[in-house]
Participant: 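Have a look at this one before I ask anything.
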Amino acid sequence: MIGARGLTVRLGEREVLSQVDLHVRRGEWTAVIGPNGAGKSTLLKAVMGLVAHRGEVTLGGRPAAALKPRERARLVAYAPQTPALPPDMTVFDYALLGRTPYIPYLGRESGHDRAVAESVLERLDLTGLAMRPVGELSGGERQRAVLARALAQEAPVLLLDEPTTALDLGHQQQVLELVDRLRRADGLTVVTTLHDLTVAGLYADSLLLLAEGRAAATGEPAAVLTEELVGRHFDAQVKIEPGPDGRPVVHLVRGGT
């Protein structure tokens with residue numbers, strides 16, 4: 001569903017991504033992990049066509065460069081980590097922006113568009129905040145509003161940049177479980193960046209480990225979340241063991257004093 005070959009991005013004098021390949025099958029969840037500055041967010045932006053890049057990107061088997069903006073928006077929904085939100089817009093109207101690819105030029109949203117937005121807000125526990133201005137939301141509420149807009153787009157591909165940032169533990173789980181349920185029920189293809197390695201290994205089918213703009217490892221969580229790879233690329237002392245479901249759990253090991 002998503003393909004990238006030789007993806008390279010240069011920002012100023014710095015090469016942020018170098019010859020990165022990404023292949024995500026339909027209905028699969030891939031988590032992009034790596035230390036700060038590894039190029040995780042830049043990879044999602046390149047797939048979305050938001051930054052200039054070299055290399056090939058395909059979406060649904062079609063060259064991304066050949067897609068018109070509305071065609072791309074019906075295929076891929078993108079939730080950035082730190083979006084610019086209009087402070088005076090209500091949460092409902094902000095979520096409704098996700099329906100833009102389906103609204104005719106100079107037209108208005110339909111009853112169906114409004115129903116989709118209402119349903120998404122309910123799923124994300126935002127119904128009670130629907131009429132509140134976005135500028136009055138807490139950090140966690142803002143993050144859920146950003147996800148609501150992406151889900152209202154009803155695209156078969158979701159690109160989520162750190163979707164659990166600023167969320168408390170309960171809302172982190174709610175968001176991740178919702179994304180997983182939608183993926184399984186609707187066959188969505190999901191790519192997320194995640195900084196919590198255990199969470200990435202718990203929910204994703206496959207992981208892509210980026211380090212210094214290059215793909216350091218890719219594969220199933222147990223193959224990527226190893227003590228050797230995590231220790232080397234995150235400069236951390238860790239112990240990794242299988243959890244109750246067999247997926248890897250990453251524990252920090254306290255250093256000597």
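What you see below is based on every heavy atom in this structure, not just the backbone, and it leaves out hydrogens, waters and symmetry mates.
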Participant: Between Tyr78 and Leu160, is there a shared hydrophobic cluster once you connect ILVMFWY residues whose side-chain heavy atoms come closer than 4.5 Å?
Facilitator: no

Participant: Assess whether a salt bridge exists between Arg62 and Glu71, defined as any Lys/Arg side-chain N lying under 4.0 Å from an Asp/Glu carboxylate O.
Facilitator: yes

Participant: I'd like to know whether CZ of Arg232 has more than 12 heavy-atom contacts from other residues, nucleotides or ligands below 6.0 angstrom.
Facilitator: yes

Participant: Taking the basic N atoms (NZ, or NE/NH1/NH2) and the acidic carboxylate oxygens, is any pair closer than 4.0 Å for Glu154 and Arg99?
Facilitator: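 So Glu154 pairs with Arg99 through a salt bridge.
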
Participant: Return the minimal non-hydrogen interatomic distance between Ala145 and Leu126, and the atom names on each side.
Facilitator: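 Distance-wise, the nearest heavy atoms are N-CD1, 3.8 Å.
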
Participant: Quick one: closest heavy-atom pair of Pro86 and Val134, and the distance?
Facilitator: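 Nearest pair, atom of Pro86 first, then Val134: O-CB, 3.7 Å.
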
Participant: Distance-only, no hydrogens or angles: does the Lys40 side chain make a donor-acceptor pair with backbone N or O of Pro35 under 3.5 Å?
Facilitator: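 A pair under 3.5 Å: yes.
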
Participant: Give a yes or no answer on whether the side chain of Thr58 reaches the backbone of Gly61 with a donor-acceptor pair at less than 3.5 Å.
Facilitator: no

Participant: Please step through side chain to side chain contact (heavy atoms under 4.5 Å, CB included) for the pair Asp161 and Leu159, ending with a clear verdict.
Facilitator: CA-CA 7 Å; Asp161 194 0; Leu159 302 183; over 6 Å; no

Participant: Do the side chains of His23 and Asp21 get nearer than 4.5 Å, heavy atoms only?
Facilitator: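 In short, these two side chains touch, coming nearer than 4.5 Å.
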
Participant: How close do Thr30 and Ser206 get, heavy atom to heavy atom, and via which atoms?
Facilitator: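 That closest heavy-atom pairing would be OG1-OG, 2.9 Å.
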
Participant: Take Phe234 and Asn36, measure what side chain to side chain contact (heavy atoms under 4.5 Å, CB included) needs, and give me the verdict at the end.
Facilitator: CA-CA 9 Å; Phe234 288 86; Asn36 292 339; over 6 Å; no

Participant: Do Ile2 and Val179 belong to the same hydrophobic cluster, where Ile, Leu, Val, Met, Phe, Trp and Tyr are linked whenever their side-chain heavy atoms lie under 4.5 Å apart, directly or via other members?
Facilitator: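 In one cluster: no.
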
Participant: Does Ser138 offer a backbone N or O that forms a donor-acceptor pair with the side chain of Glu141 under 3.5 Å?
Facilitator: yes

Participant: Taking CG in Asp245 as the centre, count heavy atoms belonging to other residues, nucleotides or ligands within less than 6.0 Å. Is the count above 12?
Facilitator: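 Yes, the 6.0 Å shell around CG holds more than 12 heavy atoms from other groups.
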
Participant: Flag yes if Val230 and Leu194 sit in one hydrophobic cluster, no otherwise; membership is Ile, Leu, Val, Met, Phe, Trp, Tyr, and two members link when side-chain heavy atoms are under 4.5 Å apart.
Facilitator: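 In one cluster: no.
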
Participant: How about Leu59 and Leu67: do any of their side-chain heavy atoms sit closer than 4.5 Å?
Facilitator: yes

Participant: Measure the CG-CZ distance between Leu124 and Arg149 for me, rounded to the nearest 0.5 Å.
Facilitator: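 Rounded to the nearest 0.5 Å, the CG-CZ separation comes to 14.5 Å.
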
Participant: Using the rule given for side chain to side chain contact (heavy atoms under 4.5 Å, CB included), can you reason through Arg25 versus Met1, listing the C-alpha separation, both sets of side-chain angles and the distance that settles it, and then say yes or no?
Facilitator: CA-CA 5 Å; Arg25 295 186 294 270; Met1 191 65 182; over 6 Å; no

Participant: Are there over 12 heavy-atom neighbours, none belonging to Asp186, within less than 6.0 Å of that residue's CG?
Facilitator: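 Above 12, so yes.
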
Participant: Linking I/L/V/M/F/W/Y whenever their side-chain heavy atoms sit closer than 4.5 Å, directly or via other members, would Leu229 and Val253 fall into one cluster?
Facilitator: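 No.
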
Participant: Return yes if a side-chain donor-acceptor contact under 3.5 Å exists between Tyr203 and Glu177, otherwise no.
Facilitator: yes

Participant: Starting at CG of Leu44, measure out to CD of Glu162 and round the result to the nearest 0.5 Å.
Facilitator: 9.5 Å

Participant: Which heavy atom in Ala150 sits nearest to a heavy atom in Leu158, and how many Å separate them?
Facilitator: O-CD2, 4.1 Å

Participant: Within a reach of under 6.0 Å around NE2 of His251, are more than 12 heavy atoms found that belong to other residues, nucleotides or ligands?
Facilitator: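 Counting other residues, nucleotides and ligands, NE2 of His251 exceeds 12 neighbours.
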
Participant: Can you tell me how far CD of Gln173 sits from CG of Leu202, rounded to the nearest 0.5 angstrom?
Facilitator: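 Spacing of CG (Leu202) from CD (Gln173) equals 9.0 Å.
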
Participant: Side chains of Leu210 and Val20: does their closest heavy-atom pair fall under 4.5 Å?
Facilitator: yes

Participant: Under 3.5 Å, is there a donor-acceptor pair between the side chain of Gln153 and the main chain of Arg74?
Facilitator: no

Participant: Are any non-hydrogen side-chain atoms of Leu151 and Leu178 less than 4.5 angstrom apart?
Facilitator: yes

Participant: With a 6.0 Å cut-off (strictly less than), is the heavy-atom count around CZ of Arg70, excluding the residue itself, greater than 12?
Facilitator: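 Above 12, so yes.
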
Participant: Nearest 0.5 Å, please: how far is CE in Met89 from OH in Tyr94?
Facilitator: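 One finds 9.0 Å between OH of Tyr94 and CE of Met89.
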
Participant: If you apply the rule side chain to side chain contact (heavy atoms under 4.5 Å, CB included), what do you find for Leu17 with His53, and how did you get there?
Facilitator: CA-CA 9 Å; Leu17 288 180; His53 61 271; over 6 Å; no

Participant: Do Gln81 and Thr165 touch side chain to side chain, with heavy atoms closer than 4.5 Å?
Facilitator: yes

Participant: Give the minimum heavy-atom separation between Ala216 and Ala211, together with the two atoms involved.
Facilitator: CB-CB, 4.2 Å

Participant: Using a 3.5 Å distance criterion without hydrogens, assess whether the side chain of Thr193 forms a donor-acceptor pair with backbone atoms of Val32.
Facilitator: no

Participant: Flag the pair Asp205 and Arg183 as a salt bridge only when some basic side-chain nitrogen lies within less than 4.0 angstrom of an acidic carboxylate oxygen.
Facilitator: yes

Participant: Applying side-chain hydrogen bond (donor to acceptor under 3.5 Å, both in side chains), run through Thr8 and Ser18 and close with a yes or a no.
Facilitator: CA-CA 5 Å; Thr8 300; Ser18 180; 5.0 Å; no

Participant: Would a 4.5 Å heavy-atom cut-off, applied to side chains only, mark Arg123 and Leu182 as touching?
Facilitator: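 The answer is yes; the side chains approach within 4.5 Å.
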
Participant: Side chains of Leu167 and Val175: does their closest heavy-atom pair fall under 4.5 Å?
Facilitator: yes

Participant: Could you report the tightest heavy-atom contact between Leu209 and Gly34, atom names first, then the distance?
Facilitator: CD1-CA, 3.9 Å

Participant: Is Leu176 reachable from Leu207 through a run of hydrophobic residues whose side-chain heavy atoms are each under 4.5 Å from the next?
Facilitator: no

Participant: Keeping the roles fixed (side chain from Glu227, backbone from Ile240), state whether a donor-acceptor pair exists under 3.5 Å.
Facilitator: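 Pair found, side chain donor or acceptor close to backbone of Ile240.
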
Participant: In this structure, which one of Thr100, Leu96, Val116 forms a side chain to side chain contact (heavy atoms under 4.5 Å, CB included) with Glu109?
Facilitator: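 In the set Thr100, Leu96, Val116, the residue that makes a side chain to side chain contact (heavy atoms under 4.5 Å, CB included) with Glu109 is Leu96.
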
Participant: Is it the case that the side chain of Arg247 and the backbone of Gly201 share a donor-acceptor pair, with hydrogens and angles ignored and the cut-off at 3.5 Å?
Facilitator: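 Looks like yes, one N/O pair under 3.5 Å.
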
Participant: At what distance, to the nearest 0.5 angstrom, does CZ of Arg114 lie from CG of Asp93?
Facilitator: 7.0 Å

Participant: Is the shortest side-chain heavy-atom distance between Leu75 and Val157 below 4.5 Å?
Facilitator: no

Participant: Please round to the nearest 0.5 Å and tell me the distance separating atom CG of Asp113 and atom CD of Glu118.
Facilitator: 11.0 Å

Participant: So, applying side chain to side chain contact (heavy atoms under 4.5 Å, CB included) with Val91, which one of Thr127, Leu85, Leu137 is it?
Facilitator: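 Single pass found, and it is Leu137.
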
